[in-house]
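Computed from a predicted model, the values in this text were never measured in an experiment. Indexing begins at 1, ligand by ligand and atom by atom, following the structure's order.
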Amino acid sequence: MKSVVISLGGSIISGDRLDIGFMKRFSNMMEQSRAFGKVGIVVGGGRLARNYISDLRETGTNDIILDEIGINATRMNALAMTTFFKNCNLKIPTTINDAAELSSNYRFTIMGGTEAGHTTDTVAALLAERLGAKVLINATSVDGVYTDDPRTDKNAKKIGNMTYDEAIALSLKKSIGAGPNVFMDLTSLHIAKRSGIRIFVIDGRKLEDYASIVEHDTCTGTVIL
Ligand SMILES: Nc1ncnc2c1ncn2[C@@H]1O[C@H](COP(=O)(O)OP(=O)(O)O)[C@@H](O)[C@H]1O
Ligand SMILES: O=c1ccn([C@@H]2O[C@H](COP(=O)(O)OP(=O)(O)O)[C@@H](O)[C@H]2O)c(=O)[nH]1
């Protein structure tokens with residue numbers, strides 16, 4: 001049984017409404033699988049965060065407040081997710097250390113964001129580092145990392161395996177002037193690199209990929225190592 005941390009992209013649970021069906025299927029699969037040891041789940045903000053952030057940005061609200069708003073959205077989504085798990089924390093921790101402490105009491109530790117200036121991908125990488133987990137699953141709305149953003153470039157090709165440095169270079173290219181629309185934020189990739197945490201970028205709705213990663217080290221998405 002392996003410890004893993006999952007960065008659960010907000011986009012796959014929070015659209016116009018919460019995707020309750022997915023949340024039930026995901027939590028059942030995680031609780032019933034014997035493949036997983038301790039699991040950290042870091043939930044993103046999804047549409048809830050994006051709506052608030054884009055509306056308030058138009059009023060000139062500064063970025064740290066927008067980040068705080070985003071963090072609150074991630075914590076709401078995380079709290080919503082706890083209601084589908086039996087063996088998990090009841091309160092949402094606000095720091096990595098608090099989450100690490102909780103993880104000694106629960107099989108599943110669920111949290112959202114921590115501080116302004118990064119995304120839940122970085123929180124997930126830090127939690128993996130703190131728990132000594134060597135696997136980070138980035139469960140997102142695209143089915144892997146592509147040579148370019150597949151939503152805007154129809155010729156983009158999916159990448160099976162890539163090095164940390166290749167992922168950092170690609171994320172950096174997208175971070176410049178392109179807003180936050182990257183497959184993973186740069187800091188999360190640097191943290192994974194320094195601690196040798198293997199990253200699996202998958203379509204988070206493909207439930208069969210989660211156990212396959214832990215049991216066979218493979219997935220239908222992209223492996224960064
Ligand atoms: N090279 C790339 N490969 C894959 N996705 C990319 C790439 N560059 C940018 N993206 C974008 O990154 C986004 C990541 O998913 P996102 O919708 O932000 O979900 P979440 O953060 O909830 O997982 C996608 O919308 C995708 O269009
Ligand atoms: O530790 C954190 C986590 C999130 N955020 C803010 O909350 C937003 C939503 O989080 P995230 O991007 O991780 O959500 P997702 O893309 O998965 O919906 C981010 O864009 C940031 O503005 C933050 O400032 N610090």
Side-chain angles (χ1 to χ4, degrees), residues 5-15 18-19 22 26 40-57 61-78 80-81 92-96 98-99 111-127 136-160 162 166-189 191 199-206 221-224:
V5 172
I6 300 170
S7 178
L8 190 66
S11 60
I12 61 173
I13 67 157
S14 158
L18 275 181
D19 190 342
F22 171 78
F26 173 76
I41 302 173
V42 183
V43 187
R47 188 81 58 86
L48 182 65
R50 277 168 206 197
N51 283 348
Y52 269 84
I53 290 173
S54 58
D55 287 349
L56 285 168
R57 181 165 272 139
T61 305
N62 68 38
D63 280 285
I64 189 166
I65 297 177
L66 297 180
D67 278 349
E68 291 292 342
I69 299 261
I71 291 168
N72 279 293
T74 65
R75 291 180 182 161
M76 272 177 69
N77 286 338
M81 189 52 103
I92 301 304
T94 57
T95 67
I96 297 292
D98 286 352
M111 70 186 299
T114 53
E115 284 152 27
H118 54 230
T119 74
T120 45
D121 293 336
T122 291
V123 177
L126 288 168
L127 184 61
L136 169 58
I137 301 176
N138 184 23
T140 183
S141 59
V142 275
D143 65 351
V145 182
Y146 283 71
T147 49
D148 204 338
D149 187 343
R151 293 203 208 277
T152 53
D153 180 356
K154 294 263 176 301
N155 296 318
K157 301 264 178 310
K158 189 154 93 176
I159 303 167
M162 66 199 301
E166 286 166 346
I168 287 166
L170 191 58
S171 178
L172 185 61
K173 202 170 103 188
K174 283 278 129 186
S175 302
I176 297 169
N181 204 24
V182 285
F183 59 94
M184 275 188 92
D185 77 29
L186 272 174
T187 314
S188 66
L189 294 167
I191 291 159
I199 303 172
F200 295 82
V201 181
I202 58 163
D203 174 347
R205 292 175 190 275
K206 275 196 188 156
T222 302
V223 187
I224 304 172

Peer 1: Can you check which of E68, R47, H118, M111 brings a heavy atom nearest to atom 4 (C) of ligand 2?
Peer 2: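 Comparing heavy atoms across E68, R47, H118, M111, the nearest one to atom 4 (C) of ligand 2 lies in H118.
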
Peer 1: Using side-chain heavy atoms (C-beta onward) and a distance below 4.5 Å, is F26 in contact with I13?
Peer 2: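 No. Closest side-chain heavy atoms not under 4.5 Å.
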
Peer 1: Say whether L170, considering both its backbone and side-chain N or O atoms, lies within less than 3.5 Å of an N or O atom on ligand 1.
Peer 2: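 No, there is no polar N/O contact under 3.5 Å.
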
Peer 1: Just to be sure I'm reading this right: ignoring hydrogens, which of S7, G44, G70 gets closest to atom 8 (C) of ligand 2? Compare them by their nearest heavy atoms.
Peer 2: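 Among S7, G44, G70, the closest heavy atom to atom 8 (C) of ligand 2 belongs to G70.
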
Peer 1: Report the part of P150 (side chain from C-beta onward, or backbone N, CA, C, O) that has a heavy atom under 4.0 Å from ligand 1; answer both or neither where that applies.
Peer 2: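 Contact part for P150 vs ligand 1: side chain (C-beta onward).
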
Peer 1: In sequence, state the C-alpha distance, the side-chain angles, and the governing distance for N77 and L48, and then conclude on side chain to side chain contact (heavy atoms under 4.5 Å, CB included).
Peer 2: CA-CA 9 Å; N77 286 338; L48 182 65; 4.1 Å; yes

Peer 1: Out of all atoms in ligand 2, which are within 4.0 Å of some heavy atom of G9? Include the element for each.
Peer 2: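 Matching atoms, with element in brackets: 17 (O).
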
Peer 1: For ligand 2, which is the ligand I care about here, please tell me if G10 has any N or O atom under 3.5 Å from one of the ligand's N or O atoms.
Peer 2: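 Between G10 and ligand 2 (N or O atoms, distance only) the closest approach is under 3.5 Å.
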
Peer 1: Less than 4.5 Å apart, side chain to side chain, heavy atoms only: is that true for T114 and I71?
Peer 2: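 The answer is no; the side chains never approach within 4.5 Å.
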
Peer 1: Should S141 be listed as contacting ligand 1, given a heavy-atom distance under 4.0 Å as the test?
Peer 2: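 For ligand 1, residue contact (heavy atoms, under 4.0 Å) with S141 is present.
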
Peer 1: Test of understanding: given a 4.0 Å heavy-atom threshold, classify the contact between I71 and ligand 2 as side chain, backbone, both, or neither.
Peer 2: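 Both parts.
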
Peer 1: Strictly distance-based, threshold 3.5 Å: is any side-chain N or O of R205 a donor or acceptor partner for the main-chain N or O of F22?
Peer 2: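 Absent.
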
Peer 1: Is there side-chain contact between V43 and T74, with at least one heavy-atom pair below 4.5 Å?
Peer 2: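 No; the side chains remain at least 4.5 Å from each other.
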
Peer 1: Mind listing the closest non-hydrogen atom pair of G144 and Y146 along with its distance?
Peer 2: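 It is O-CD1, 3.5 Å.
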
Peer 1: Show, in sequence, the C-alpha distance, side-chain angles and deciding distance for I96 and V123, and conclude whether the side chain to side chain contact (heavy atoms under 4.5 Å, CB included) test is met.
Peer 2: CA-CA 8 Å; I96 297 292; V123 177; 3.9 Å; yes

Peer 1: Run H118 and I191 through side chain to side chain contact (heavy atoms under 4.5 Å, CB included) and show every step you take.
Peer 2: CA-CA 12 Å; H118 54 230; I191 291 159; over 6 Å; no

Peer 1: Calculate, to the nearest 0.5 Å, the distance between atoms CD1 and NZ belonging to I12 and K206 respectively.
Peer 2: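 Reported to 0.5 Å precision, the distance equals 12.5 Å.
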
Peer 1: N/O to N/O below 3.5 Å, does that happen between G46 and ligand 2?
Peer 2: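 Checking ligand 2 against G46, an N or O pair does fall under 3.5 Å apart.
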
Peer 1: Is it the side chain (CB and beyond), the backbone, both or neither of I69 that lies under 4.0 Å from ligand 2, heavy atoms counted?
Peer 2: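 It is neither part, as no heavy atom is under 4.0 Å.
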
Peer 1: Tell me which one of E115, M184, R50, R75 gets a heavy atom nearest to atom 2 (C) of ligand 2.
Peer 2: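 Nearest option to atom 2 (C) of ligand 2, by heavy atoms: E115.
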
Peer 1: Could you check if a side-chain atom of L172 sits within less than 4.5 angstrom of a side-chain atom of L186, using non-hydrogen atoms only?
Peer 2: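 The answer is yes; the side chains approach within 4.5 Å.
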
Peer 1: Would you mind running through ligand 1 and noting each atom that sits below 4.0 Å from a heavy atom of S11?
Peer 2: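 Atoms satisfying the 4.0 Å criterion: 17 (O), 19 (O), 20 (P), 22 (O), 23 (O).
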
Peer 1: Is any N or O atom of Y146, backbone or side chain, closer than 3.5 Å to an N or O atom of ligand 1?
Peer 2: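 Yes, at least one N or O pair falls under 3.5 Å.
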
Peer 1: Look at ligand 1 and say whether A156 reaches it with a heavy atom at a distance under 4.0 Å.
Peer 2: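 The answer is no, since A156 has no heavy atom less than 4.0 Å from ligand 1.
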
Peer 1: Go through ligand 1 atom by atom and flag the ones less than 4.0 Å from a non-hydrogen atom of T140.
Peer 2: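 In order of numbering, the contacting atoms are 14 (C), 15 (O), 19 (O), 20 (P), 23 (O).
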
Peer 1: Polar contacts were defined as any N/O atom of the residue lying under 3.5 Å from an N/O atom of the ligand; does this apply to T147 and ligand 1?
Peer 2: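 Not met; the criterion fails.
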
Peer 1: Does ligand 2 have an atom that lies less than 4.0 angstrom from a heavy atom of G117?
Peer 2: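 Yes, that is the case, since the closest heavy atom of the residue is under 4.0 Å from the ligand.
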
Peer 1: Taking the side chain as C-beta and beyond, is there a heavy-atom pair between V145 and E166 under 4.5 Å?
Peer 2: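 No, every pair of side-chain atoms sits at 4.5 Å or beyond.
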
Peer 1: Are D63 and L66 side-chain neighbours, meaning at least one heavy-atom pair lies under 4.5 Å?
Peer 2: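 Answer yes - side chains close enough.
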
Peer 1: Checking contacts here: is it the side chain or the backbone of V142 that comes within 4.0 Å of ligand 1, counting heavy atoms only? Could be both or neither.
Peer 2: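 Answer for V142: side chain.
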
Peer 1: For ligand 2, is there an N or O atom under 3.5 Å from any N or O atom of L8?
Peer 2: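 No; the residue has no nitrogen or oxygen that sits under 3.5 Å from a nitrogen or oxygen of the ligand.
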
Peer 1: Is any side-chain heavy atom of I199 closer than 4.5 Å to one of L189?
Peer 2: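 Touching, per the 4.5 Å side-chain cut-off.
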
Peer 1: Using a 4.0 Å heavy-atom threshold (strictly under), name the region of T119 that reaches ligand 1: side chain, backbone, both or neither.
Peer 2: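 No part of T119 is near ligand 1 at this cut-off.
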
Peer 1: Supply the atom-to-atom distance D98 CG to M111 CE, rounded to the nearest 0.5 angstrom.
Peer 2: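 Answer for the CG-CE pair, D98 versus M111, is 8.0 Å.
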
Peer 1: In terms of atom number and element, which parts of ligand 2 are under 4.0 angstrom from non-hydrogen atoms of G113?
Peer 2: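 By the 4.0 Å cutoff, the relevant atoms are 1 (O), 2 (C), 3 (C).
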
Peer 1: At less than 4.0 angstrom from any non-hydrogen atom of G144, what atoms of ligand 1 do you find?
Peer 2: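 Reading through ligand 1 atom by atom, the close ones are 4 (C).
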
Peer 1: Got an N/O contact under 3.5 Å between T120 and ligand 2?
Peer 2: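 Yes, there is a polar N/O contact under 3.5 Å.
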
Peer 1: G9 heavy atoms, cut-off 4.0 Å: which ligand 1 atoms fall inside?
Peer 2: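 The list of qualifying atoms is 20 (P), 22 (O), 23 (O).
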
Peer 1: With atoms numbered from 1 as shown, which atoms in ligand 2 lie under 4.0 angstrom from a non-hydrogen atom of V123?
Peer 2: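 Taking each heavy atom of V123 in turn, ligand 2 has 1 (O) under 4.0 Å.
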
Peer 1: Could you check whether any heavy atom of R50 sits closer than 4.0 Å to an atom of ligand 1, since that is the contact criterion I want to use?
Peer 2: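 Per 4.0 Å heavy-atom rule, R50 contacts ligand 1.
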
Peer 1: Can you list the steps and then say if T94 with R75 is a side chain to side chain contact (heavy atoms under 4.5 Å, CB included)?
Peer 2: CA-CA 9 Å; T94 57; R75 291 180 182 161; 3.5 Å; yes

Peer 1: With distance as the sole test, does D121 use its side chain to make a donor-acceptor pair with the main-chain N or O of S188 at under 3.5 Å?
Peer 2: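 The answer is no, because no donor-acceptor pair under 3.5 Å joins these two groups.
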
Peer 1: With a heavy-atom distance limit of 4.0 Å, tell me whether D148 approaches ligand 1 through its side chain, its backbone, both, or neither.
Peer 2: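 Just the backbone.
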
